[in-house]
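Quick notes on the structure that follows.
Below, chain A is the first sequence line, B the second, and so on; all start at residue 1.
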Number of protein chains: 2
Amino acid sequence: MTNSTKQRREVILTSAYRDGFVGVRQLADELSVSEATVRRDLHGLATEGLLQLNHGGASVIRGSDHSFLSKLTQNVEAKQTIARLAAQLVCDGEQLFLDSGTTCFAMTAFLRGKRGLSVIVNSIRTAQELHAPGLNVLILGGQYRPERMDTVGPMAGASMDRLRGYLAFVGTDGVGMDFGLTAIDIESAHIFGQAVGNARQSILLADSSKFDNPGLYKIADWAAISKVITDKRPAEAWCGFFAEREIELIYPQESSLPE
Amino acid sequence: MTNSTKQRREVILTSAYRDGFVGVRQLADELSVSEATVRRDLHGLATEGLLQLNHGGASVIRGSDHSFLSKLTQNVEAKQTIARLAAQLVCDGEQLFLDSGTTCFAMTAFLRGKRGLSVIVNSIRTAQELHAPGLNVLILGGQYRPERMDTVGPMAGASMDRLRGYLAFVGTDGVGMDFGLTAIDIESAHIFGQAVGNARQSILLADSSKFDNPGLYKIADWAAISKVITDKRPAEAWCGFFAEREIELIYPQESSLPE
DNA sequence: TGAATTTTGATTGAATATGATTTATTCTTG
DNA sequence: CAAGAATAAATCATATTCAATCAAAATTCA
């Protein structure tokens, strides 16, 4: 009946999305294959990000996304440091844009205390985290990407185009002196580029590992950036580069104690 | 039946959100596992921040998105019935709009199996639940309302105005013969009214308790509605009313066995 | 056809989940 | 407040489930 791997996995996915959960035992029975094979299938589907493995089977990925949470725990200190510095630039009553990356996500904790903010986001996660009294959250519409919990595409772009005069905070997957700031996926690059283009002022958040490691897709040119926040003083070449372009470079003072 | 940890915990969460509190003894009994296992489950859910432990059981955490979840467990059977009938009207490859109510939310389970759907939503919850292969979800941007987990306002309206030719499914807080369909809050009424106005065809989902109990804000006139789905045959007056207006009335056949 | 590659199923030791038992804690009631 | 009851945590033995390995079977490709 279902003799090829592909067909079998198709059946598994269908079951999984219908019921929310599939068991190894039942699948092995239904498909007339060994449990070992089912496990291999589930493992394969899990590494493709289509299912989440559990004891006894696998389930569809819902809300609390694991890839996001795992990224969230990389470079935690650097992100926290940057996020705190970034939040200090925000006054009460301001309008902001936050991108869907984890560095901007880290800012949410520091922003909840502010008054009368309007925050534009394309990340569902960030939106939910920003829930606080006196805080107005605007989600950009568009194509929903469950694995990233954000919205992208032309509809997001059209929404973005109706907004101006905000302060944009964008992270990046890497920056190069010649190529500007970049992202790994083209959808994000496009929407963030637009966000930067329409902003009153754009601030780049980049931890030290991002320098000289450009990604594939360009977000924006350096000309669009007015400030860069990072976790420690970058190499001299970069300091000079920023000075030349009158980009303000912000990093923690040596004297400030790590809390 | 529920043999895996994951499934069991899901059942526990559902119970918890329905009743506000779950007891160790009852759960052990219902799930046919030892109390030790139930305790481990509750402990696990508590460390994930999903429940709060008490003596004798656990309760839902205060201040979470409780309003949505508690509504979700009202009239469950009626909603399931309606949702199933509604999903049967949807063919593969169709474009839909689903409102942010719980009845439309109930449709998600029946829609995940379909192929090539594009679904427009203004509910984050519904969007997340619609995650399935070959399913394209479009979120309307706009003001984010954390307690309802949806987006409303002019930006949502503007996004809505760029979309046509879809099949709209809308719930309601109540309907009256003279006043049409209504909602309790004005924001929802506005966006759903727009959704109905731009739709190729609009289908009203209303359980029997909604008839003759209009809310404050009008969503749309009866003229905009082409089908009404409910859980049982309404009063004769309503049947006549719909017949007169050539609105197709759909409810479960008496002969169909409850599964 | 025959060799190379992939897929599968069985086996094994390791990891995890479960239930019974015991010990500690918290709640109730007088 | 103290005694008793009820509930929770800790411990351990048992049962499942998992990942790794390897040989057999199926598939592919020349």
**Prompt:** What class does the angle between the rings of B:His131 and A:Tyr17 fall in, given that below 30° is parallel, 30 to 60° is tilted and above 60° is perpendicular?
**Reply:** perpendicular
**Asked** Passes side chain to side chain donor-acceptor pair (under 3.5 Å), B:Arg9 versus B:Ser4? Steps please.
**Response** CA-CA 9 Å; B:Arg9 294 191 179 182; B:Ser4 98; over 6 Å; no
**Those residues that, when tested against B:Glu10, pass salt bridge (Lys or Arg N to Asp or Glu O under 4.0 Å) (two or more places apart)** = none
**Whole-Å distance separating the CZ atom of B:Arg8 from the P atom of D:dT17** = 12 Å
**Message:** Rounding to an integer number of Å, can you tell me how far A:Leu31 CG sits from C:dT7 P?
**Reply:** 16 Å
**Item:** Minimum-distance nucleotide (side-chain atoms of B:Arg40 versus C:dG19, C:dT8, C:dG9)
**Value:** C:dG19
**Message:** Just N and O in the side chain of A:Thr5: are any of them under 4.0 Å from OP1 or OP2 of C:dT8?
**Reply:** yes
**Message:** Rounding to an integer number of Å, can you tell me how far A:His55 NE2 sits from C:dA14 C1'?
**Reply:** 11 Å
**Request:** Nearest whole angstrom, please: distance from the P of C:dG9 to the CG of A:Asp29.
**Result:** 13 Å
**Message:** Among D:dA19, D:dT7, D:dT21, which nucleotide has an atom closest to any side-chain atom of A:Arg39?
**Reply:** D:dA19
**Message:** Less than 4.0 angstrom from a charged side-chain N to a carboxylate O is my criterion; do B:Lys210 and B:Asp231 meet it?
**Reply:** no
**Item:** Closest listed nucleotide, where the reference is the side chain of B:Thr37 and the choices are C:dG9, C:dG19, D:dA19
**Value:** C:dG19
**A:Arg25 CZ to C:dG9 P, straight-line distance once rounded to whole Å** = 16 Å
**Asked** What integer distance in Å separates A:Leu53:CG from D:dT17:C1'?
**Response** 12 Å
**Side chain to side chain, A:Val33 and A:Arg8, heavy atoms closer than 4.5 Å** = yes
**Item:** Sugar-phosphate only, base, or nothing, as touched by B:Gly57 at under 4.0 Å among non-hydrogen atoms
**Value:** sugar-phosphate
**Prompt:** What is the nucleic acid contact for A:Asn54, judged by heavy atoms within less than 4.0 Å: base, sugar-phosphate only, or nothing?
**Reply:** sugar-phosphate
**Fill in**
Here the distance between atom P of C:dT16 and atom CZ of B:Arg9, to the nearest Å, is 14 Å
**Fill in**
A:Leu27 CG to D:dC18 P, in whole Å, measures 11 Å
